[in-house]
Structure formats: C-alpha cells, structure tokens
Amino acid sequence: MKAKRRKLNNTRVLVGITGSVAAYKAVDLIRRLKDEGASVKVVMTDASSRFITPLSIELAAGPGNVFCGMFDNPMAHIELAVESDLMVVAPATANTIGKFAQGMADDLLAACFMAYRGPVVLAPAMNWRMYESFSFKENLTLLKERGAFEVEPEEGPLACGEYGKGRMASVERIVEAAKAALCEKDLLGRKVVVTAGPTREHIDDVRFISNLSSGKMGFALARAAAARGASVTLISGPTVLALPDGVAFVPVTSASEMREAVLEEAAGAHALVMSAAVADFAPSVRLEGKGPKEDIEGGLSLTGNPDILAEAARLEARPLIIGFAAEAGQDTARAEDKRVAKGADYMVFNNVSDPEAGFDVDTNRITVLGGGSPVSHPLMSKEEAAHVVLDLLIPEPGA
Ligand code: CTP
C-alpha cells in the first residue's frame, strides 16, 4: 500500500495560543488550518488573552471551540487531548515550553499537552536572548528529542525594539509543519537529492541565458521528502521561493555549478530527483563586467551544457534517478526516449505548454514513465504531484 496522503482534511487540530505579541497571528493560522480542511479547537492561556481576546479567536475557530479556564469544564484537558490528531502551539512562549518540558500541568494548555499523545508542532516566539538562553534551549531540545517539531522563529525586529531571532515563523511555515507532522515517515533514513529551478548561463556579469522554470515543483519535492522523514539536499538555481524547513540547501547558478553539486551529493544518496530545468547551452565565453552589446550581437557562440542526469546515472554508487522531461505537447514518446538515453529509472513527463502544468503554476498533470506501462495522473497540486513522485521510492509490497 502506498503511503497515506498528507493533508489536513478530517484532521482534528488543537491549537494552543500563549502570551506573546504574535498571538494575533493565531487568527490567520486558525483560518488557514480550516481552509485546509482541519477542524480546529483552541486552548488559550491567560497571558494570551491579554494580547488577543477569546472572542476574536472564537470568530475564527467557531462558536464553542475556544477553551480558556482549567475548571470551566473539569474534564476538558482530557477530552481535548484525546479528541485531537495534532497539537499546534503558536505562538509558544518560553514559559509554556518550560512547562511542557518539565511536566507541569497548572493551566489548561499544559494539562492538555501532558494528556495528549500525538504529533506536536511548536512555533516559539520570544526575545532573542530568551530564545538563546540555556534553560529555554534545554527545554526545547528535550521536547524535540521526544518528537515535538519546532518551526524555528525568524530573525527580524522584535517587539522589545531589539533585532534578533525570535519572531514567530510565518503562518505558511506553521501550516506546512502541521502537514509534515502528520506525514508517515516512510523515507526515514534515506538521503534524497532534489534539483530545482532554472540555471543561468552568463553572457557577461549582467546578461544571461535561462528559462522560465520557477522551481516550484522541485521545492515541493524537497518539502514533501523532508516531511516524509528523508534527509534532503536541495540544489537549486535562482528562484524567489522560500526555503523549505529542514532541508540542506545548495544554491547554484549555472549548469556546471549544478553538475558539480549533484555529482558530489548524489554519490551514495538513495535517490536523485532532477526536476531542474537545466539550460541546454552556455555562452562559450563569459565577458567581464557589462560587455558592449556590439561585442555580443551576432557573435554569441554557444556550447552545449553537460547532461547532469546522464552523468549521475554513470556514478558507481548510483542513486535511483527520477528525471522530469519538459515537453511541448502531449506525446510521451520523446520523454521515454530521454529516459532510456540518459539512464534514468523514471522520467516524469510534463507537458509545459499545458497552462495548468507548465512553469510557475501551482498545479501539475504528470505521467510517470519507467517500471512498466506509463501511469498518467490527473491534475493535482505540485505538492500532491511531489508525493506521487516520491512514492516511486517506496516499493510496492511483493514487488
Ligand atoms: N537534464 C540534465 N542536464 C541537462 C539537461 C537536462 O540533467 N543538461 C535533465 C533535467 O533535469 C531533466 C531531464 O534531464 O530531469 C530532461 O530534461 P529536458 O529539459 O526535458 O531534456 P533535454 O535533455 O534538455 O532535451 P530537450 O531540451 O531537447 O527537450
């Protein structure tokens, strides 16, 4: 059986809100979790209600879904704990994290945490000095060792006027972490190398040849593989995308830089997923500075770039290799030819002239070639397509 899909629909999420200036962001978080199909109940600490009122939270979570006092319903801490599939504490203060780590249960949220037995996502928010303090670090480490997932705070201006690491992570990152926490860790212990984005081949220091790849498919693959427990290295050409959490990142510019990084990282890896749109050609000579256009016009000579995938396929400790064939049309024959010629185990056919499956959109319609008959999948999000591709790393029982 293939690994379960990783969505928040039909998931019962218990959101804990603690006393930080970031508490107002919980409104957006609750809405986003509900948009993803989760049902949400909220526990607020006393301190959090100084920053945002339970009424505002109730407007987002729905009537009857916000709990504050330990003794409003003496069994709430057990019922909420038992009836939740996921606990997300955002913002999570040093005080609450300390209580969780040290086994205190003197408020409803801490008591819920103690009674709860499922995945936990913590989004700390505090002054950077507190975040770096020995006691806090020790408490957080303890919780992480016990399986809690931290969505690390971001660096920036803090409420106290100082600058440092302590701003609560974006709601988007917290939602991603929530999804990741629910993922079956079926790629645990495997190293997966993913390439993404375009490469840039410089004519001079300001001009380059490239393509329209946004990197979205590759970033989705890296995020999904990390969520499934893989140790992920993402090698990407220039993009504007936010880095997925928990992924080692190797930024590159040109195809030759990507080649070097891939050959180094892929040797000994379990899988290499080449979703990058490697530029096919590079200028034979790179001019310095900004070359006069007269020197370029009519005189641009191009050299073919190395085929990175084909080279990786010749490595001695060769990983399983999945390529992405960008084709302009419905015919998969050329993609299958590429798979065989390059030595990929699988080739994911991608019709980039399809407006719902091309560059820079959030959806894809893929056909997987290799390992038997082609398998065509319906239109889906790039995130879902990423999981379909990663399922290729999990052998079917009996196969
Ligand atoms: N690829 C590569 N190195 C290259 C070109 C492509 O590793 N120099 C990889 C891509 O990352 C992808 C696969 O090969 O996984 C197919 O890429 P694609 O662009 O579809 O094919 P090309 O070989 O570049 O052929 P063409 O551009 O003519 O379609």
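Every value quoted in this text rests on a predicted model; they were computed, and no experiment measured them. All ligand and atom numbering here is 1-based and tracks the order in the structure.
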### Query
Are any non-hydrogen side-chain atoms of V389 and I366 less than 4.5 angstrom apart?
yes
### Task
Show the numbers, then the answer: is there a side chain to side chain contact (heavy atoms under 4.5 Å, CB included) between L14 and V43?
CA-CA 7 Å; L14 184 61; V43 174; 3.9 Å; yes
### Summary
Counting only non-hydrogen atoms and a 4.0 Å cut-off, the residues near ligand 1 are M274, A276, V278, D280, P306, D307, I308, L309, G323, F324, A325, A326, R334, K338, K342
### Query
side-chain contact (heavy atoms from CB on, under 4.5 Å) with D360: which residues, sequence neighbours excluded?
S214, K216
### Query
For residues 134-172, which residue pairs qualify under ring-ring contact (aromatic ring centres under 6.0 Å, His included), counting only residues two or more places apart or in two chains?
Y131-F136
### Pair E58, S56: side-chain N/O donor-acceptor within cut-off below 3.5 Å
no
### Message
Going by salt bridge (Lys or Arg N to Asp or Glu O under 4.0 Å), name the residues that satisfy it together with R339, two or more places apart in sequence or in a different chain.
### Response
E336
